[in-house]
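Accompanying notes for the structure given below.
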There are 2 protein chains.
Amino acid sequence: MMRGLPALWAEIRVNGMQSQQSRVLVQLRDLILKGAFAPGERLAEIPIAERLDASRTPVRLAFATLEQEGLVQSSPSGGYVMRAFTRKEIDDAIAVRGVLEGMAARLVAENGLTRQMQEDMNDCLRLGDEALAAPELTIDAYADYVEMNNRFHDLLLKFADNAALTRAIELNNRLPFAAASATLPMHSSTGDGRQWLLITHNQHRSILHAIERREGTRAQALAMEHVEVARMNLRHAYETADESRGLMPALRLLSRP
Amino acid sequence: MMRGLPALWAEIRVNGMQSQQSRVLVQLRDLILKGAFAPGERLAEIPIAERLDASRTPVRLAFATLEQEGLVQSSPSGGYVMRAFTRKEIDDAIAVRGVLEGMAARLVAENGLTRQMQEDMNDCLRLGDEALAAPELTIDAYADYVEMNNRFHDLLLKFADNAALTRAIELNNRLPFAAASATLPMHSSTGDGRQWLLITHNQHRSILHAIERREGTRAQALAMEHVEVARMNLRHAYETADESRGLMPALRLLSRP
DNA sequence: CTATTTATGAATGAATGCAGTGTCAAGCGA
DNA sequence: TCGCTTGACACTGCATTCATTCATAAATAG
């Protein structure tokens with residue numbers, strides 16, 4: 001890039017962008033998860049650097065991180081290649097998430113909820129109630145539910161108060177379709193999307209109920225079972241892959257079974 | 001470094017060293033885990049680059065990876081700082097390892113062992129028998145046991161056949177004292193080291209027994225309990241921190257309780 | 001016409017130069 | 001003597017340059 005820009009960066013930095021490194025990392029990860037690259041495609045530094053308006057250095061830094069996250073893999077002949085994800089990989093990652101979130105739920109149950117925690121979780125559930133109140137599921141209500149869902153899982157993790165657990169789940173969630181809300185949109189096109197959300201919402205309620213009663217094993221089992229919905233959604237996505245492609249471009253990252 | 005060296009690199013590369021990037025990453029991680037830097041210490045690029053005989057670029061790359069691994073943290077004012085690890089963090093990571101290895105054991109039990117797998121695991125246990133056969137524990141026997149221990153856990157993970165699980169455990173094991181064999185040496189100075197190894201070895205045997213009988217829940221419970229020895233060793237290390245410092249320099253990475 | 005070899009070019013890995021900023025210390029003022 | 005200010009040094013972040021390697025394509029030989 002041009003040499004005169006540093007003065008501009010200060011301005012950019014104030015506007016919320018920290019550095020080229022993090023900006024490139026976030027934007028590149030976003031591109032990948034939006035399916036901008038085909039599996040197996042060579043990720044050349046120069047075009048990407050130009051596309052993100054940075055030099056090759058921060059792009060290389062981002063690649064190092066993305067490789068750790070498992071989104072790209074380094075080619076033996078140098079450079080990086082877009083990864084493909086098999087169905088088994090995603091399924092396995094969902095299973096791992098089940099185990100880890102089960103652990104989180106158990107820990108919270110065992111440690112007990114403070115008054116504040118209880119209020120936060122209940123607020124969260126209330127938002128879900130509101131999102132699902134109407135008999136017809138609008139797009140906005142859908143977005144609200146997804147946000148609530150993320151918040152519920154984040155709160156559980158936060159209250160579990162285990163940094164290693166948080167790290168493990170965050171790594172796991174980097175894989176496409178492994179995160180809690182990643183598979184939710186798959187049913188939004190079909191009419192029965194609301195049905196599924198009602199089911200998962202009820203599961204949330206049961207988990208909180210178990211936690212409140214300090215039933216650790218029950219909370220754990222419920223949280224593990226909770227991810228089965230994600231697995232079903234994934235299967236649905238595979239079966240209707242061709243129609244869903246337009247809605248979820250990241251589906252192209254899944255290798256054909 | 002000097003420009004004329006590339007010709008030499010080719011030679012080095014043939015000798016097993018892949019690239020500056022990986023070499024610097026491995027060596028720097030090694031330095032960190034050997035306690036070469038004090039917690040909170042600023043990790044300046046230039047001295048480290050000179051120390052590892054590379055330029056600043058691969059060092060920066062390595063920092064990016066090590067930050068992902070949680071060994072260093074980026075300072076808000078730029079650059080990287082050596083992390084300190086609290087006892088709770090290590091304890092939590094050991095708990096996470098217990099849950100993940102419990103999952104691995106359960107998966108292997110549920111999927112069943114092939115003849116080959118069974119032989120591999122039994123070979124592994126036999127090596128442990130041999131290492132512990134003598135009434136007195138020599139240093140060599142100790143090393144053999146540690147190697148066997150690593151192999152046992154690796155085999156379990158391999159047979160579980162779940163890439164996400166492997167990734168999660170590997171990330172977890174990057175933390176000092178969180179990995180399976182990381183806390184084993186702590187008792188080696190004391191006389192009762194062999195006692196503990198006998199206990200963990202027996203646990204291995206029980207886990208395999210449960211797996212062979214496809215008792216998934218039992219295998220999982222045993223694997224979870226198995227990490228308690230690590231937690232005890234960690235406590236022992238904290239209590240005898242001052243004497244053990246010479247044996248395990250990485251102990252200085254633990255922040256004072 | 002096909003296969004092998006060579007040559008050219010593009011892209012990576014590594015090093016270095018440059019600008020900006022943070023930090024530390026010394027000096028000055030109160 | 002203590003605190004504040006200012007200046008200098010050092011270090012980071014980024015861009016760019018350089019050398020090597022890999023891949024692709026073309027040309028020649030069989």
Review point. Does A:Arg151 pair with A:Asp123 as a salt bridge, N-O distance under 4.0 Å?
Key: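 Salt bridge flag = no for A:Asp123 with A:Arg151.
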
Check your understanding: Any salt bridge between B:Lys158 and B:Asp154, counting N to O under 4.0 Å?
Key ->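 Salt bridge flag = no for B:Asp154 with B:Lys158.
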
Check your understanding: When the nearest nucleotide of DNA chain D is assigned to A:Arg42 and to B:Gly79 on a heavy-atom basis, which residue is associated with the more 5' position?
Key ->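 Of the two residues, B:Gly79 wins.
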
Point to revise | Interface with DNA chain D, restricted to residues 56-63 of chain A and to heavy atoms under 4.0 Å | key: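 Those residues are A:Arg56, A:Thr57, A:Pro58.
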
**Study point:** Evaluation steps, side chain to side chain contact (heavy atoms under 4.5 Å, CB included), between B:Val96 and A:Asn162
**Key:** CA-CA 9 Å; B:Val96 169; A:Asn162 183 319; 3.9 Å; yes

Whole-Å distance between [N] [atom2] and [X] [atom1]?
{"X": "A:Glu50", "N": "C:dA11", "atom1": "CD", "atom2": "C1'", "value": "12 Å"}
{"X": "A:Gln21", "N": "D:dG13", "atom1": "CD", "atom2": "P", "value": "6 Å"}
{"X": "A:Glu45", "N": "C:dG13", "atom1": "CD", "atom2": "C1'", "value": "8 Å"}
{"X": "A:Ile46", "N": "D:dA15", "atom1": "CD1", "atom2": "C1'", "value": "13 Å"}
{"X": "B:Arg23", "N": "C:dG13", "atom1": "CZ", "atom2": "P", "value": "16 Å"}

Point to revise | Audit row: A:Glu89, A:Arg83, salt bridge (charged side-chain N to carboxylate O under 4.0 Å, His left out) steps and yes/no | key: CA-CA 12 Å; A:Glu89 275 179 298; A:Arg83 271 208 50 185; 2.3 Å; yes

**Study point:** Short side-chain N/O contact to D:dA23 OP1/OP2 from A:Ser77, under 4.0 Å
**Key:**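 True: A:Ser77 side-chain N/O within range (under 4.0 Å) of D:dA23 OP1/OP2.
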
Check your understanding: Does D:dA15 have OP1 or OP2 sitting under 4.0 Å from an N or O in the side chain of A:Gln20?
Key ->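 Answer yes for this pair, as a side-chain N or O of A:Gln20 is under 4.0 Å from OP1 or OP2.
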
Review point. Under 6.0 Å from the six-membered ring centre of A:Tyr80 and within 45° of its axis: does the NZ or CZ of A:Arg42 meet both?
Key: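 No, A:Arg42 does not lie over the aromatic ring of A:Tyr80.
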
Check your understanding: Heavy-atom count around B:Gln73 CD within 6.0 Å, excluding the residue itself: above 12?
Key ->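 Counting neighbours around CD of B:Gln73, more than 12 heavy atoms of other residues, nucleotides or ligands fall under 6.0 Å, so yes.
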
